[in-house]
Amino acid sequence: MMSSLSSLHLPPLPKSNQSRRNVDKSSLPTEIPTTTTTDLLHNFNTSFELKQVHSHIIKTNQSYSILPLTRVASVCALSSSFDYARRIFERVEQAEILIWNSCLRSFAEGDSPINAIRLFYRLRQSNLHPDTFTCSFVLKACSLLLDLDNGKIVHGLVQKLGFQSDLFLQNTIVHMYARSGAINDARRLFEKMPQRDVVTWNIMITQLTKLGEIEKAHDLFDQMPERSVRSWTAMIAGYVQCGKPKEAIHLFAQMEEAGERPNEVTVVAVLAACADLGALDLGRRIHEYSDACGFRKNVRVCNTLIDMYIKCGCLEIAQRVFDEMEERTVVSWSAMIGGLAMHGQGEEALKLFSKMTQIGIRPNGVTFIGLLHACSHMGLITEGREFFNSMTRDYGIVAQVEHYGCMVDLLSRSGFLQEAYEFINNMPIKSNGVVWGALLGGCRVHKNIELAEEAIKHLLVLDPLNDGYYVVLSNIYAEAGRWEDAAKVRKLMRDQGVKKTPGWSSVTVDGEVHEFVAGDGTHPQVEEIYQKWDELLEQMKLRGYIPDTKVVLLDMDEDKKEQVLYRHSEKLAVVFGLMKTPPRTAIRIMKNLRVCEDCHSALKLISEIVDREIVVRDRNRFHCFKDGCCSCRDYW
DNA sequence: ATAGGGTTAG
């Protein structure tokens with residue numbers, strides 16, 4: 001760096017890097033952040049860029065090119081020589097503070113907001129006067145770093161310098177407080193502001209939704225005098241983040257009514273809501289709209305489209321979107337790998353991973369979750385273990401509890417229950433309900449009551465309100481004929497105040513969603529549905545269908561159990577779909593819980609009998625029934 | 001100059 005700098009023919013570097021000006025140090029923290037030259041030269045092609053600056057200065061005899069000079073100054077200012085940087089700027093025909101602001105800005109907007117703070121401290125040691133821009137950039141850096149302490153200092157400075165009536169700065173300050181964990185301070189400032197603009201409101205709405213305060217956000221949204229596309233988008237995205245996709249889509253409809261045009265960010269949020277709900281029709285419409293607007297150039301829009309199609313059961317379309325992308329990020333690859341795994345195409349998932357690494361895309365932790373999921377699906381124990389090890393060894397990714405969950409799932413599904421149990425006990429991090437839940441699931445498949453009881457012991461501590469675990473344990477007892485123990489589990493549930501989530505399934509016919517709950521007798525066409533089921537049942541029995549009554553938890557007569565079984569929500573939804581859609585078209589079902597074993601074998605047979613593809617999205621994966629088989633290969 | 005967006009095990 002020194003040699004490159006000397007070629008600039010600028011004054012020699014001063015001996016000391018200490019500024020000797022008088023500063024009011026009272027408002028500064030005792031410890032001033034420091035940095036090293038190497039930090040800053042990271043990603044900085046020093047000799048090349050500096051030489052360019054040099055030749056530019058020589059050729060033009062002036063220094064209008066602010067960007068490279070800013071880089072030079074940034075490096076000098078933060079490393080060895082603040083004064084040296086100032087001397088560079090003394091030769092520039094612009095007010096010094098503008099150049100510092102330019103440096104601050106590029107730090108705050110780049111990948112080193114911490115350096116904006118450091119530079120700000122350097123600036124405060126000089127006798128330069130910060131202006132409103134200076135404050136705004138530093139505040140932005142504080143927001144990004146969630147640095148409330150320095151944020152408050154800058155806020156104090158804004159007041160000291162008399163900038164407090166500047167609306168831009170007020171907004172930035174409100175944002176800084178809200179984002180850095182002081183929402184109440186932000187709110188107080190917001191309430192006191194003599195004037196606000198649409199940005200002020202949007203900031204409050206966005207930050208409130210981030211904190212899960214969706215009602216408060218909506219109140220502000222209702223109150224605001226005028227709304228921009230970003231106001232609508234903030235609210236819609238907020239609902240999606242709070243797990244309320246229906247409300248998000250409802251608001252989107254209102255936005256369309258209001259005549260606002262969704263932008264890329266709106267599209268991403270709405271597509272995420274569609275993915276959550278399996279709302280394929282709306283998803284397709286947004287897809288067309290995105291094409292028309294040219295949003296497909298945007299990687300995030302495409303990634304979300306991929307995710308939406310995957311979660312709506314349209315793997316081929318997701319693949320097409322992926323193939324057509326101009327550039328792909330690790331997110332695109334991970335979404336596709338995870339999607340293939342979710343759809344039972346484990347081999348394809350592994351192939352895609354090889355392709356990805358071959359072209360030099362570095363996988364991340366999410367990529368490996370998809371891969372481990374794929375291995376679990378195919379029972380690839382050895383490969384799964386190898387991926388798990390390779391993740392840390394080759395890519396430096398530290399295994400998260402999610403990865404351990406996948407491994408426990410892989411091991412216990414394949415029957416290595418003891419090993420899975422030991423794996424949990426040897427985890428270097430704290431386990432969670434999902435990890436023990438995976439073991440419990442394996443215990444059910446492989447009928448290991450003893451380990452199941454061990455798992456539930458932990459689950460009662462880690463996730464006592466989750467009804468799913470009680471249900472599985474009760475199932476395990478029931479399947480073993482231990483009805484008393486099964487009843488005890490149900491009593492335990494009652495004592496804990498836990499209720500079993502009622503199962504429901506939905507099917508979309510002509511864009512309308514029809515929901516069914518188990519034993520549903522309320523649907524207007526219920527007689528027709530039952531009749532059609534009876535017809536199907538006859539054909540199924542001819543093909544060897546035997547109702548699997550052990551999935552019925554209650555202790556009752558076999559006949560009665562069969563009747564319960566025949567009214568499971570997914571069966572009702574499929575029958576209704578068959579009645580209401582043209583022959584040979586695919587039927588898409590969504591179920592809030594997991595498909596039971598009996599419905600699974602029934603749907604396999606039905607797909608063969610009626611020659612239809614039946615796609616079921618259950619709580620955690622897809623089942624594509626076709627020609628008597630399921631894409632999950634009965635491994636779920 | 002200030003606000004916003006994507007993939008995650010059971």
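Here is the naming used below: chain letters follow the sequence lines, and residue numbers restart at 1 for every chain.
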Checklist line | Test: Glu191(A) and Arg187(A) ion pair at under 4.0 Å | finding: yes
Item checked: Nucleotide nearest Arg230(A) (side chain, heavy atoms from C-beta), chosen from dG10(B), dA1(B), dA3(B) -> dA3(B)
Next item on the list: Scan residues 189-203 of chain A against DNA chain B and write down, sorted by residue number, each residue with any heavy atom closer than 4.0 Å; if none is found, say none.
Entry: Val199(A), Asn202(A), Ile203(A)
Margin query: Between P on dA9(B) and CZ on Phe388(A), what's the gap in Å once rounded to a whole number?
Written below: 16 Å
Notebook entry, point to check: Think Lys140(A) has a side-chain N or O under 4.0 angstrom from the OP1 or OP2 of dA1(B)?
Noted result: no
Margin query: Looking at every non-hydrogen atom in both residues, tell me the closest pair between Gly442(A) and Leu417(A) and how far apart they are.
Written below: C-CD2, 3.7 Å
Item checked: Length of the CG-P vector between Leu372(A) and dG10(B), whole Å -> 10 Å
Margin query: Can you tell me if Phe137(A) is stacked onto the base of dA1(B), using a 5.5 Å centroid cut-off and an angle below 30°?
Written below: no
Checklist line | Test: Arg227(A) cationic atom under 6.0 Å from Phe221(A) six-membered ring centre, within 45° of axis | finding: yes
Check: Counting only distance, no hydrogens or angles, is the base of dG4(B) paired donor-acceptor with the side chain of Asn263(A) under 3.5 Å?
Finding: yes
Check: Between dT2(B), dG5(B), dT7(B), which one does the side chain of Asp307(A) approach most closely?
Finding: dT7(B)
Check: So does Arg413(A) get a side-chain nitrogen or oxygen closer than 4.0 Å to the phosphate oxygens (OP1/OP2) of dG10(B)?
Finding: yes
Margin query: Tell me whether the side-chain N/O atoms of Gln207(A) come closer than 4.0 Å to OP1 or OP2 in dG4(B).
Written below: yes
Notebook entry, point to check: Between Ser431(A) and Trp436(A), is any side-chain donor less than 3.5 angstrom from a side-chain acceptor?
Noted result: yes
Notebook entry, point to check: Given dA9(B), is OP1 or OP2 found less than 4.0 Å from the side-chain N or O atoms of His377(A)?
Noted result: no
Margin query: I need the residues from residues 170-181 of chain A with at least one non-hydrogen atom less than 4.0 Å from DNA chain B; give them sorted by number, or say none.
Written below: Asn171(A), Thr172(A), His175(A)
